[in-house]
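Read the structure below first, then the notes.
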Amino acid sequence: SISKTKSPVARLPFERIKDDILGTQYVVSLVFVGEKRARALNMTYRKKSYVPNVLAFPVEKNCGEIFICTKTLAKEAPSFDMSVKAYTGYLLIHALLHLKGHDHGATMERKETLYLKKYGLA
């Protein structure tokens, strides 16, 4: 399941996307945060001072946390020629693939494109 602690910026089938990528047994906490919290998390856990668009943290074997910064995603979406809804979906897919164990690269990009098309976000 996915638990959301703040209202998302777009309506998406969050749980269906999570189940598709990680399976039904994986539990994800999805949190939409502001810039201050995103920067603090990035500094605390990654020693980076910038405001990230998304952070994904594995907690246990079948459990993880995803934090998406709403202001950053709204600012960045136009530069990727995406709507806020599509970019929100992209960031979720990107984070879920990281939780699945994927690193940045061609394989991850192909999977992102596949899922974006599957959910009508591309």
Side-chain angles (χ1 to χ4, degrees):
S1 71
I2 288 185
S3 61
K4 298 179 289 277
T5 60
K6 183 178 177 186
S7 294
V9 294
R11 288 201 177 277
L12 289 167
F14 295 105
E15 193 154 355
R16 200 163 9 123
I17 295 170
K18 186 278 300 177
D19 289 348
D20 200 13
I21 296 173
L22 295 175
T24 58
Q25 298 304 308
Y26 203 102
V27 177
V28 173
S29 171
L30 175 60
V31 186
F32 291 88
V33 297
E35 291 176 316
K36 186 176 179 180
R37 178 125 186 248
R39 182 184 315 244
L41 288 165
N42 207 21
M43 180 57 84
T44 299
Y45 295 103
R46 300 180 65 234
K47 307 300 182 226
K48 309 243 182 205
S49 63
Y50 65 90
V51 177
N53 50 22
V54 65
L55 294 167
F57 301 106
V59 176
E60 295 175 3
K61 182 181 176 198
N62 288 318
C63 181
E65 295 181 322
I66 296 172
F67 296 87
I68 296 177
C69 181
T70 55
K71 279 194 172 186
T72 302
L73 87 85
K75 286 180 202 172
E76 290 179 354
S79 65
F80 288 97
D81 200 27
M82 297 176 93
S83 66
V84 169
K85 179 179 181 176
Y87 195 56
T88 302
Y90 166 77
L91 292 177
L92 174 66
I93 290 164
H94 185 84
L96 291 168
L97 289 170
H98 275 308
L99 290 176
K100 190 168 184 167
H102 291 281
D103 291 323
H104 292 150
T107 300
M108 187 171 178
E109 289 175 14
R110 280 192 299 276
K111 288 182 181 283
E112 288 167 344
T113 300
L114 173 91
Y115 287 115
L116 285 170
K117 287 180 183 175
K118 182 174 184 173
Y119 289 99
L121 301 170

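All heavy atoms count here, side chains included; hydrogens, waters and symmetry mates do not.
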* Check the pair L96 / Y115 against side chain to side chain contact (heavy atoms under 4.5 Å, CB included), numbers first and verdict last. => CA-CA 11 Å; L96 291 168; Y115 287 115; over 6 Å; no
* Structure fact -> So NZ of K61 and CD of Q25: to nearest 0.5 Å the spacing works out to 10.5 Å
* For residues H104 and H98, determine if any side-chain heavy atom of one lies less than 4.5 Å from a side-chain heavy atom of the other. => yes
* Check step by step if side chain to side chain contact (heavy atoms under 4.5 Å, CB included) holds for T88 and L92. => CA-CA 6 Å; T88 302; L92 174 66; 5.7 Å; no
* Asked: How about H102 and E112: do any of their side-chain heavy atoms sit closer than 4.5 Å?
  -> no
* Asked: With a 4.5 Å heavy-atom cut-off, do E65 and V31 have their side chains touching?
  -> no
* Structure fact -> For L73 and I68 the tightest heavy-atom approach is CD2-CG2, 3.3 Å
* Roughly how far, to the nearest 0.5 Å, is CD1 of I17 from CG of L30? -> 10.0 Å
* Looking only at heavy atoms, which two atoms of G89 and L116 are closest? And how far apart? -> C-CD2, 4.5 Å
* To do: On the 0 to 90° scale, with breaks at 30° and 60°, tag the F80-Y87 ring pair as parallel, tilted or perpendicular.
  => parallel
* Asked: Checking N42 side chain against V51 main chain: does a donor-acceptor pair fall under 3.5 Å?
  -> no
* So do the side chains of D20 and K118 get within less than 4.5 Å of each other, counting heavy atoms only? -> yes
* Kindly say whether I21 contributes a backbone atom to a donor-acceptor pair with the side chain of K111 at under 3.5 angstrom? => no
* Asked: If we only count heavy atoms from C-beta on, is the Y119 to L12 side-chain gap below 4.5 Å?
  -> no
* **Closest heavy-atom pair and its distance - K18, T24** => NZ-O, 3.8 Å
* To do: Starting from the C-alpha separation in whole Å, work towards a yes-or-no answer on side chain to side chain contact (heavy atoms under 4.5 Å, CB included) for L55 and Y45.
  => CA-CA 10 Å; L55 294 167; Y45 295 103; over 6 Å; no
* Asked: Does one side chain, of T113 or R110, offer a donor that lies under 3.5 Å from an acceptor on the other?
  -> no
* Indicate the atoms forming the closest heavy-atom contact of F67 with R37, along with that distance. => CE2-NH2, 3.8 Å
* **Considering all heavy atoms, the nearest P52-A38 contact** => CD-O, 3.5 Å
* Asked: Within a strict 4.5 Å, meaning less than it, do heavy atoms of the M82 and E76 side chains meet?
  -> no
* For the residue pair V84 and A74, what are the closest heavy atoms and their distance? -> CG2-CA, 4.3 Å
